[in-house]
Enquirer: 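Can you keep this structure in mind? I'll have questions shortly.
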Amino acid sequence: MKEVAANFNAKGLENSVQEHWRTNDTYATVKQHRSSGKPFFFVDGPPYTTGTIHLGTAWNKILKDSILRYHRMNGRHVIDRAGYDMHGLPIEVKVEQALGFKSKKDIEKYGIKKFIGQCREFAIRNKLLMDDQFINLGVWLDFPGAYKTVMPEYIEAAWWTLARAEEKGMLERGHRVVNWCPRCETAIADAEVEYADENDPSVFVKFPLKGRANEFLVIWTTTPWTLPANVAVAVAKDFEYAKVLAIKDDKETLLWIAEPLVKAVLRKGRCKDYAILETKKGADLVGWVYESPLASCVPLQREIAHKVLAADFVALENTGMVHIAPGHGWDDFVLGTKEGLPIVCPVDGAGKFKEEAGCFAGQFVRDSNENVLVALGDHLFAKETVTHRYGHCWRCKTPIIFRATSQWFLKISEMRDLMLKEVEKVIWYPEWAGSARFYDWIKDARDWCISRQRYWGIPIPVWVCPKCDAYRVIGTIAELEERSGKPLADPHRPYVDDITIPCTCGGTMKRVEDIFDVWFDSAVASWATLGFPGKTADFENLWPADFITEGQDQTRGWFYSQLGASTIAFGKAPYKSVCMHGFALDAEGKKMSKSLGNVVTPEEVIAKVGADVLRLYILSSSAPWDDLKFNWEGVGTINRAANILWNVYRFPVPYMILDKFEPANTGGIWDDAYIRAHLKQMPDEDQFIISRINTVAATVDAAIKECQLHRATRELINFILEDLSRWYVQLVRERMWIEGESESKHFAYETIYYVMRRLIGLLAPVCPHITEEIYSNLRCKNDPASVHLLDWNKGEPALMDGSLEQAVGIVRSFDEACANARQTGKRKLRWPVSEVVVVTDSEPVRDAIGRRLNVVCKDRANAKTVRVVMGRWERIGWKAEPIMKALGRGFGKNSFAVKTLIEGADGNLLKAEIGAGRTVKLGEGDAVFDIGDEHVTFAEQLPPEVFSAPMPDATVYVDVQLTPELEAEGYAREVIRRINEMRKQLDLAVEDFIIADAAVADERICALIQGTWRAGIMDEVRARELAIHNTGAAAKTYDMVKDWDVEGVAMTIGIAKVI
RNA sequence: GGGCCCGUAGCAUAGCCCGGUGGUGCGCCCGGCUGAUAACCGGGAGGUCAUGUGUUCGAAUCACAUCGGGCCCA
């Protein structure tokens, strides 16, 4: 054991511990140690390689690390491969920005090979940066061996999964409407659409009915640019539609509008007057035909037979008639497919109109809105602007459009029931994350569009024959090489694009150009991380995962994508339990964002208080699934708690070193045999703290099992602060100061050693650095090399003593009440009191204070005696207090005299008589009055110099009356304290001796101290000589001379070190 | 527009499932302690339990609505 630094320096401590781990490869040792244990298969949700982690990412890994460390200590062989998500649009967009690109054409010009190279480099560089940041948090995952979505064997896992989908008929090549980003020129998944406010036109348009002059259907839209693709109008079968004669600018028009909406629509069209001519059910309108108002300038529109249909999604809003463009809307598309409408989409990938759009050709759709409105001419009935939520591309923030294109889909809608069934089998923390949130999300799941028209991603392994249109899904690299007869250098684009396969029809199959949605990459992580399908042994033994934990945003992300892919590939959920955690918000509960300037980074927290405090703060602040409001004050509080832990650890070390203490051990390995054998002989406070740490261990264990890290950490912090620092250490200090051999001191050493060892074991998963540092100093010579090699201890019932813990609880209440009463009586704790009396009816209070822990009580109260009185304490008297209102009624003008009589009467007598139901005669001669129950109340009257304070089920009375003996001791203690203060100022060592001189101005006090306390003082301050005298100042030869005012008595004290 | 979570003193939280005087920590003020000491301990002040309505003898707790925050969706 070595001396411990006085100041808790988290940063320095963590650096040296990390260095120690590195040089000794402690992580590998720990894994090796558990390698034969029962496997615990954890899958790391791969963070996207953006380069910097934020507080939420840190939280995520801290949670994972703490839970995994717990399982390792419990003997589990933890599969803890880290993962990184390294493909996808976000990286492409970053690289595009760096290269100054504006569109896909720039990439093609630059060369896909070079572009991919840049993306790869960017991802790898960031991955390395992130490794370091995670390691600085003290996270122990396998980072060097991390799975990366760019690895060939990982890509193969995705290919293999798609081949399974094809095998099961779950893969579909479809012409469908998808979310489309016109900047990135690709389809994007529902999961990639972000919603934000956007200003758009809100227009009402008249569609002329065929063969009915001056008669129109009125529709409403916020996307005028979709009108060139209009093919139909939908109505609701059951709505009433009105034919309205509308008068505007003295011109009459016949309009069809849902009847309840007529008034509102016509007001928007600024019609002076109108009349409803007739109404018809929506069903009666079905089959009507109309012409496009854009027919003259859009050639495409001239070929379309526009008609009215019924649809159930039509709502009674706007005009009650919905413009249908199956090429530009999901509902429209579904309806169009059902009704056999032409799916027209005159818009290209960049969001520009094609030739068939006539006068709009070449225009960007969102920019063409105004032109469309102009082209509508008189058919534009009304125009306003609305602000509404509109979808945007998650990466480049461009407003998305809907576009009908040829894409690849996984038929999630057909898997839905199976997925729901699987969700129910998973254990969710908290329960509602699965049963409510995730369940609801899957209930509405649609088919998953997995194809993207981009470059940096896993190529979709589908080869199509241009001759016969047959396609083949390739499941492995080997299969591809075999079928193509060519080696594959790199499974990425553009390398894989060059590989062709001969088709059975004699044609040459070429790969479709698409890559996978990046969410599909991570979806296969649970088997890809095991090397499957390349290697099968681990997969067969371990899969599905025992545990995963991610943020609540992953409900629609990774929890979902994994479940989808796994259900398709294996028909079951890829995880057995899931913990959903919250988000890191700022102190106001707002999202941290660069634009708000409220971002706190893990680095800055670590720089101030270290990773362990950050870990402890995050885990203790809120339940994992609640959002965390980051708060620096909270961090400071936890830092203080860590500092107290450090002080508690440090406090006994110098004494142990002085005494060359070695905890009882067997062959250099520590165990608790000594504690078990001697427990019953040990002082109560030792038994108590031993019991407590075991009780705490049981609580902590139960909490971690349920992912209740907040309960576990709060319990530990509470133990350190309340039980250990504020209670046990205070009691045990004097035993540490005993010089020479002492059983009591030895018990204290063994106890505190035991408690520290148990405590750091419990704390190790959460604070891996501090506990390692403490452990390295405490461990016996053959103990395991690291705290992280220790076995978890979940509390020994044999060492728990519930009744003792209860008794100590009572004594602590007593302790507080004493301090309270002393404060009222203005008697400092340093001054002894003769007696403390506890009055109670409670037997547990009597047993704790009066019997079992009486010695502790005397010590804590600094009292010569502490005794318990059941029922009543005879020194408590009663004081009678007159009730003036009643006296006035009863005695009229004599009231004042009666008041004086009552106040002067013996309260105790009065209470006894009246309490017995009698009246009492007070007064003399003519003035005698009968006093009854209604005239008085009684207040407790304490004896002089006795002060009271309440505690649960009892009242504590402290008698602060001084006797000469008590006074002598009090002053002696004052002198001791001042001499010790001076020793400290002189920076003397604990074992140094001094000579001292005290000149006390008050003759009586001087005599008091001199009389019985000279030897006691000398002993306490380690003085070889001590002169106490009434007059004269201390000689100048002292190292330090100081004037003191002790409770109004002037003293001049001098001390000098004996050399 | 829909789903889920959250809203308790200046700040952070417990209690809510299973209704019965609202605890704790930080900060603040006052006092104590002084061989853990740029630590530590005691006391005090500070609350419309987001708002409103309902159920009930009784609501922070149950129900409904509204407002605010977060995540997810349309």
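To find a chain, count down the sequence lines: A is the first, B the second, and so on, and within it residues start at 1.
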Enquirer: Atom CD of A:Q730 and atom C1' of B:C40: how far apart are they, to the nearest Å?
Expert: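 Checked: the CD to C1' distance equals 6 Å.
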
Enquirer: Any side-chain donor paired with an acceptor under 3.5 Å for A:E1020 and A:N980?
Expert: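 Result is no, nothing qualifies.
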
Enquirer: Atom CG of A:D627 to atom P of B:G68: distance rounded to whole Å?
Expert: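 It is 18 Å, rounded to the nearest whole Å.
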
Enquirer: Listed by chain and number, what are the ring-ring contact (aromatic ring centres under 6.0 Å, His included) partners of A:Y617, not counting sequence neighbours?
Expert: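 Expected list: A:F630.
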
Enquirer: So which nucleotide from B:G25, B:C71, B:G15 ends up closest to the side chain of A:T637?
Expert: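 Ranking B:G25, B:C71, B:G15 by closest atom to the A:T637 side chain puts B:G25 first.
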
Enquirer: Go through the structure and list residues passing side chain to side chain contact (heavy atoms under 4.5 Å, CB included) with A:S620, not counting sequence neighbours.
Expert: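 Listed in chain order: A:I638, A:T713, A:R714, A:I717.
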
Enquirer: Once ring-ring contact (aromatic ring centres under 6.0 Å, His included) is applied, do any residues pair with A:F661, and if so which ones, sequence neighbours excluded?
Expert: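 By the ring-ring contact (aromatic ring centres under 6.0 Å, His included) rule, A:F661 matches A:H746, A:Y749.
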
Enquirer: Using the ring-ring contact (aromatic ring centres under 6.0 Å, His included) criterion, which residues pair with A:H323? Sequence neighbours excluded.
Expert: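 In terms of ring-ring contact (aromatic ring centres under 6.0 Å, His included), with neighbours along the sequence ignored, A:H323 is linked to no residue.
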
Enquirer: If you go through the side-chain atoms of A:S725, does one of them form a donor-acceptor pair with the base of B:A36 closer than 3.5 Å?
Expert: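 Yes, a donor-acceptor pair under 3.5 Å.
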
Enquirer: Can you tell me which stems RNA chain B forms when a stem means 3 or more consecutive Watson-Crick or G-U pairs under 3.5 Å?
Expert: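 Consecutive-pair runs (3 or more) involving RNA chain B: B:1-7 with B:67-73, B:10-13 with B:23-26, B:28-32 with B:40-44, B:50-54 with B:62-66.
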
Enquirer: Any side-chain N or O of A:R640 less than 4.0 Å from the OP1 or OP2 oxygen of B:C26?
Expert: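 For B:C26, neither OP1 nor OP2 has a side-chain N or O of A:R640 closer than 4.0 Å.
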
Enquirer: Once ring-ring contact (aromatic ring centres under 6.0 Å, His included) is applied, do any residues pair with A:W1044, and if so which ones, sequence neighbours excluded?
Expert: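 For A:W1044, no residue satisfies ring-ring contact (aromatic ring centres under 6.0 Å, His included) once neighbours in sequence are set aside.
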
